[in-house]
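Okay, so here's the structure we're looking at.
Below, chain A is the first sequence line, B the second, and so on; all start at residue 1. Note that the structure is a prediction, hence the values are computed from the model and not measured. Just so it is clear, the values below take in all heavy atoms, side chains as well, and ignore hydrogens, waters and symmetry mates.
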Number of protein chains: 2
Amino acid sequence: MKYLSRPEELVLLTIWKMKEEPYGINIRKYITKMTGKYWSIGSIYVPLDRLENKGYLTSSLVSPTSERGGKSKRFYQLTKEGLKQLQEIKKIYQAFWKDLPDLSVKKT
Amino acid sequence: MKYLSRPEELVLLTIWKMKEEPYGINIRKYITKMTGKYWSIGSIYVPLDRLENKGYLTSSLVSPTSERGGKSKRFYQLTKEGLKQLQEIKKIYQAFWKDLPDLSVKKT
DNA sequence: CCTATTAATTCTATTATATAGAATTTATAA
DNA sequence: TTATAAATTCTATATAATAGAATTAATAGG
């Protein structure tokens, strides 16, 4: 893709905004809440993976706290490059969406 | 995709904004200018096609004016459904991008 | 201590989309 | 009647979306 795809964009933005622990399950929860749509496990983890491979994210496993058991969480953080991508699509977005005829009215 | 993909978004927005003749070549020209990136022929026409199949666009061939020869242009127009999709991603976009920590500063 | 349960991630397959550019079509000019 | 130009259509390959099963690793309870 020339730019971040939509799922990549949402994942990155979520990590950037997130105050609570930025790991897969939480990210999925947030995106689900915000969009009101179902997001499969894969539809979160696959982009996470790709974004990390591209250098837009880094991650590290955190040692488990003493809640009920479970695998370690993997926390994500944006890299400088990831931020740059967000800036880029923000710029594109603004250029395309500004001066838009009102979307609530059908053009005739 | 749950939402319009990025190329679909740009194509639809371009058609919605365009004052001049909304046909493939012009759409490509506009998107190229706005993004400053190369867009192949296919990267415009393939989404156009798909958007029409999904019912977000309609099109019709226009009878050629007497310029230098060439195949007829196909003019595109947004449908109500296409507009609805734009409204939907606008809503998503706004929700995700508002209250964003400043993108120009690296979070520490 | 060993087993059930839970939380989370990793893996993998399938479908859909992105992207490039060659081929084709159709018109006019010479 | 052929060369040239403008535009679209077609098609192949690479990449991304999406779903969910499998796996891993931790703790609680007997």
For residues A/I25 and A/V46: do they belong to one hydrophobic cluster (side chain heavy atoms under 4.5 Å, members Ile, Leu, Val, Met, Phe, Trp, Tyr)? no
Taking ring pair (Phe, Tyr, Trp, His ring centres under 6.0 Å) as the test, write out the residues that go with B/Y93, two or more places apart. A/Y93, B/W97
C/dT6, OP1 or OP2 - any side-chain N/O from A/K73 closer than 4.0 Å? no
Sorted by number, residues from residues 26-42 of chain A placing a heavy atom under 4.0 Å from DNA chain D are A/Y38, A/S40, A/I41, A/G42
If you take any heavy atom closer than 4.0 Å to DNA chain D, which residues from residues 3-12 of chain A end up in contact? A/S5, A/P7
Report the residues that fulfil salt bridge (charged side-chain N to carboxylate O under 4.0 Å, His left out) with [X], sequence neighbours left out, ordered by chain and then residue number.
| X | result |
| --- | --- |
| B/K54 | B/E8 |
| A/K84 | none |
| B/E81 | none |

Residues two or more places apart in sequence or in another chain: which of them pass side-chain hydrogen bond (donor to acceptor under 3.5 Å, both in side chains) with [X]?
| X | answer |
| --- | --- |
| B/T35 | B/W39 |
| A/K73 | A/E21 |
| B/R28 | none |
| A/R74 | A/S59 |

Assign each of B/G70 and B/K54 to its nearest nucleotide of DNA chain C by heavy atoms, then name whichever residue's nucleotide is nearer the 5' end. B/K54
Nearest to the side chain of A/M1, heavy atoms from C-beta on, is which of C/dA18, D/dA26, C/dT17? C/dA18
Return the nearest nucleotide to the side chain of A/V46; candidates are C/dA27, C/dA8, C/dT12. C/dT12
Taking only residues two or more places apart in sequence, or in another chain, which ones meet B/E20 in a side chain to side chain contact (heavy atoms under 4.5 Å, CB included)? B/M18, B/N26
Between the protein and nucleotides 2-4 of chain D, are there any N/O to N/O pairs under 3.5 Å, and if so, what are the atom names and distances?
from  : atom 1 : to    : atom 2 : distance (Å)
D/dT4 : O2     : B/R68 : NH1    : 3.3
D/dT4 : O2     : B/R68 : NH2    : 3.0

Quickly work out the [X] [atom1] to [N] [atom2] distance and round it to whole Å.
| X | N | atom1 | atom2 | answer |
| --- | --- | --- | --- | --- |
| B/Y23 | D/dT9 | OH | P | 13 Å |
| B/D49 | C/dA16 | CG | P | 16 Å |
| A/K71 | D/dT24 | NZ | P | 7 Å |

